[in-house]
Amino acid sequence: MAPRSADLDPFDLGFEADDVFAPTSGDPWRDDAPQLRQTAGLGEDPFADFPPARPAAEDDPFAELSRPTAQAASPVHHPASHPSVQHSPEGPALPDGSAGEASVPRIGIHVFCSRPETTEMVERAAGDRRMSRAATIVRPGGVQAAIDYYQNQPTPSLVIVESLDPAPELLTQLERLAEVCDPGTKVVTIGSANDIALYRELMRRGVSEYLVPPLSPLQIIRAITALYADPAAPFTGRQIAVVGAKGGVGASTVAHNLAWSLAETIQAGVVLADFDLPFGTAGLNFNQDPLQGVADALGQPDRLDPVLMDRMMVRVTDRLSLFAAPATLDQDYDIPPDAFEEVVQKIRAAAPFVVLDLPHAWSAWKRKMLIASDDLVIVATPDLASLRNAKNMIDLVRQARPNDAPPRLVLNQVGVPGRPEIPVKDFGDALGLGPCLSLPFEPKAFGQAANHGQMITEVAPKSKAAEGLAQLAQLIARREPPPAQKSSLLGGLFNKKK
C-alpha cells in the first residue's frame with residue numbers, strides 16, 4: 001500500500017517535531033550483536049528465523065523510524081532500569097531536583113491497549129498537566145485494532161500499541177502496521193517480555209521505544225517527551241509557585257526568602273518573577289528599582305529572547321536574578337493568559353529554579369500557573385479564612401494534578417500574642433495535609449528586613465524563621481547545601497545553642 005499524504009492528518013496542529021529533530025544514523029548494535037548475545041547467554045541469534053526488516057525506501061512509511069536513534073543504546077524501559085528516576089514518598093524526582101518536568105508538544109496520540117489496566121493507566125496519563133497540549137485517544141484491541149483502523153484513516157504523530165503476543169508474532173504485526181502508517185509517524189510498543197534482544201531488534205526495525213509493565217503514568221509521559229526532546233534546547237528549570245491562602249499572610253515574603261535561600265544556601269541559579277503587577281514588593285524587598293521588568297516581558301512575549309531577558313532582569317546576587325513588577329497604577333494590566341505561559345516557559349530556560357510570586361487574585365492565568373508548576377507552596381495563617389481558602393486550593397490542584405506530589409503548606413505568623421488561632425495539628429488534619437514549615441511570629445526581624453530591603457537570613461541569621469526558610473529551600477531543592485555552606489549553618493546553630 002502506498003503511503004498516504006501526511007496533509008490528511010486531522011491531528012496536525014502546526015507542530016512537526018520530526019522536521020526538526022532527525023534521528024542519528026548508524027546501528028550501534030550491529031557489529032557487536034553476536035558478542036553481546038554470547039555474553040548475555042542468549043546463544044545464537046533468537047531472531048534468525050524472523051522475517052527480516054525491510055530496507056528503508058524513500059516512500060517507506062517507516063523509513064523515518066527505521067533509522068536507529070540514540071535511545072537504541074539504552075536498556076529496556078523498565079522501572080528497575082531507570083537510574084534517572086528516584087521514587088520518594090513525595091513522588092518521583094530527578095536526583096538533584098533541579099530539573100523541571102517538560103510537557104508533551106501539541107501532537108496527536110493514538111493508544112491501542114490490550115489490557116484494561118493499561119487503558120486505565122494511559123487515561124490517567126492523558127489527563128496529566130504535562131499532556132494538556134496533546135490530543136490523546138485511547139482504544140482497545142492492541143496492534144491488530146491499530147492495523148484495522150488505519151486502513152482508511154491517517155495516522156497521528158504518535159501511535160502507541162500494546163501486544164501480549166510472543167516476539168515473532170509481535171514483529172510480524174509491527175511489519176503490517178508499518179504498511180498503513182504515514183511518513184513521520186512514531187511508534188511506541190508496550191510488550192510483555194523484558195528481553196534486551198527483542199528491544200534491540202525493535203529498535204533496528206524502527207520502533208521508537210519499547211516499554212515493559214509495570215508502568216506508571218509518569219513513565220509513559222516521560223517516554224513521550226523523550227521522543228520529542230530537542231538535544232540542542234536548553235534545560236527546563238524547576239517552576240515553584242508561591243501563593244497565599246488569603247491576602248496578608250506573607251506569601252510574597254516567603255517567596256522572596258525562598259528564592260534567596262535557594263540561591264545563597266543551596267547555591268543554585270534562581271530567577272524570581274513577581275507577577276503581582278500593580279502591587280508587587282519584590283523590588284522593595286531586594287532594594288532594587290529596575291527600569292524594566294516582568295510587565296515589559298508580558299507585553300511582548302514573542303520578542304523575549306535571552307538577550308532581551310537579560311536586559312529586563314536585575315541581578316540581585318551572583319546566582320539570583322529578579323523579574324520585578326512595575327508596582328504602579330497608571331495602566332490597566334490586561335494581559336492574555338497565554339502571555340504568562342509563554343514568558344514563564346522562556347524564563348525556565350534561564351535558571352535551574354524559577355520562583356513565581358503570585359498575587360492574591362483569581363484568574364485564568366493564575367489557575368494555569370498553579371497547575372503547571374513543579375512545586376506549589378501555599379502560605380496560610382492559622383485562622384478560619386485561610387483554612388477554607390487553602391482547602392479549596394488543595395482540592396483543586398489534587399484533582400488537576402493526580403500524578404504529582406501534594407502542595408507544600410507553610411503556616412506563617414504562628415503565635416501572635418492575644419490572637420485566637422487554630423492549632424497547627426488541627427489545621428493540618430482539616431486539610432489532610434500537614435504543614436512542612438511553621439514560621440513563628442517574629443515582627444522585629446521581618447520588619448527590619450522589609451525596611452532595609454534585606455532577607456531574614458541577612459538580618460537575623462540565627463532566628464527560627466531563617467532556619468525554617470533554609471530548610472524549606474533544601475526540601476524543595478531536594479538536595480543538601482554545599483559542604484562549606486552546610487558547615488556555616490551548623491556552626492550558627494551550635495553557637496546559638498551555647
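For the single chain, residues carry numbers from 1 onward in sequence order.
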Handout entry: N-O pairing of Lys464 and Glu442 below 4.0 Å
Key = no
Completion exercise
Between Pro407 and Ile394, the two heavy atoms sitting closest are CG-CG1, 4.4 Å
Problem - Whether Asn389 side chain and Lys246 backbone form a donor-acceptor pair below 3.5 Å - result: no
Handout entry: Short side-chain to backbone donor-acceptor contact, Arg401 and Ser373, under 3.5 Å
Key = yes
Handout entry: Side-chain heavy atoms of Ile240 within contact of Ile476, under 4.5 Å
Key = yes
Problem - Tyr333 and Thr328: side chain donor to acceptor below 3.5 Å - result: yes
Handout entry: Leu433 side, atom CG; Lys391 side, atom NZ - distance, nearest 0.5 Å
Key = 10.5 Å
Practice task
Determine the interplanar angle of the Trp365 and Phe340 rings, folded into 0 to 90°, and report it as parallel if under 30°, tilted if 30 to 60°, perpendicular if over 60°.
Solution key: parallel
Handout entry: Backbone N/O of Ala372 and side chain of Arg129: donor-acceptor pair under 3.5 Å
Key = yes
Problem - Donor-acceptor pair, side chain of Ser261 and main chain of Leu258, under 3.5 angstrom - result: no
Practice task
Check whether any side-chain N or O of Asp128 sits under 3.5 Å from a backbone N or O of Ile221 as a donor-acceptor pair, and report yes or no.
Solution key: no
Exercise for the section: Return the set of residues passing ring pair (Phe, Tyr, Trp, His ring centres under 6.0 Å) with Phe427 (not counting sequence neighbours), or none when no residue passes. Expected result: none
Exercise for the section: Classify the side-chain pair Asn412/Thr381 by whether it contains a donor and acceptor separated by less than 3.5 Å. Expected result: no
Problem - Arg115 side chain near Leu164 side chain, heavy-atom distance below 4.5 Å - result: yes
Fill in the blank from the handout: Heavy atoms of Gln454 and Val459 approach each other most closely as OE1-CG2, 3.6 Å
Exercise for the section: Could you tell me the separation between the CZ atom of Arg319 and the CZ atom of Phe353, rounded to the nearest 0.5 Å? Expected result: 13.0 Å
Problem - Minimum heavy-atom distance Arg315-Thr317, with the two atoms named - result: CG-O, 2.8 Å
Fill in the blank from the handout: Closest non-hydrogen contact found for Gly250 with Gln413 is N-NE2, 4.5 Å
Exercise for the section: For residues Glu341 and Lys368, report the shortest heavy-atom separation together with the two atoms involved. Expected result: OE1-NZ, 4.2 Å
Handout entry: Rounded distance [0.5 Å steps], CG in Leu437 versus CZ in Arg408
Key = 11.5 Å
Exercise for the section: Verify, without hydrogens or angle tests, whether Glu458 (side chain) and Met455 (backbone) share a donor-acceptor contact under 3.5 angstrom. Expected result: yes
Exercise for the section: Report the C-alpha separation of Arg348 and Asp374 in whole Å, then their side-chain angles, then the decisive distance to 0.1 Å, and conclude whether the salt bridge (Lys or Arg N to Asp or Glu O under 4.0 Å) test is met. Expected result: CA-CA 11 Å; Arg348 294 180 70 177; Asp374 298 303; 2.7 Å; yes
Handout entry: Flag for Thr225-Arg130: side-chain donor and acceptor within less than 3.5 Å
Key = no
Practice task
Determine yes or no for a side-chain-to-main-chain donor-acceptor pair under 3.5 angstrom, with Glu162 supplying the side chain and Gly142 the backbone.
Solution key: no
Practice task
Keeping the roles fixed (side chain from Ser386, backbone from Asp383), state whether a donor-acceptor pair exists under 3.5 Å.
Solution key: no
Problem - Asp305 bridged to Lys346 by N-O distance under 4.0 Å - result: no
Handout entry: Polar side-chain atom of Lys366 near backbone of Leu358 as donor-acceptor pair, under 3.5 Å
Key = no
Exercise for the section: Using atom types as modelled and distance alone, determine if a side-chain donor or acceptor of Asp310 lies under 3.5 Å from a backbone N or O of Pro306. Expected result: no
Handout entry: Qualifying residue for side-chain contact (heavy atoms from CB on, under 4.5 Å) with Val249, from Ile378, Val254, Val379
Key = Val379
Practice task
Please name the pair of heavy atoms, one in Thr457 and one in Asn257, separated by the smallest distance, quoted to 0.1 Å.
Solution key: N-OD1, 4.5 Å
Practice task
List for me each residue that meets ring pair (Phe, Tyr, Trp, His ring centres under 6.0 Å) alongside Phe112, sequence neighbours excluded, and say none if there are none.
Solution key: Tyr150
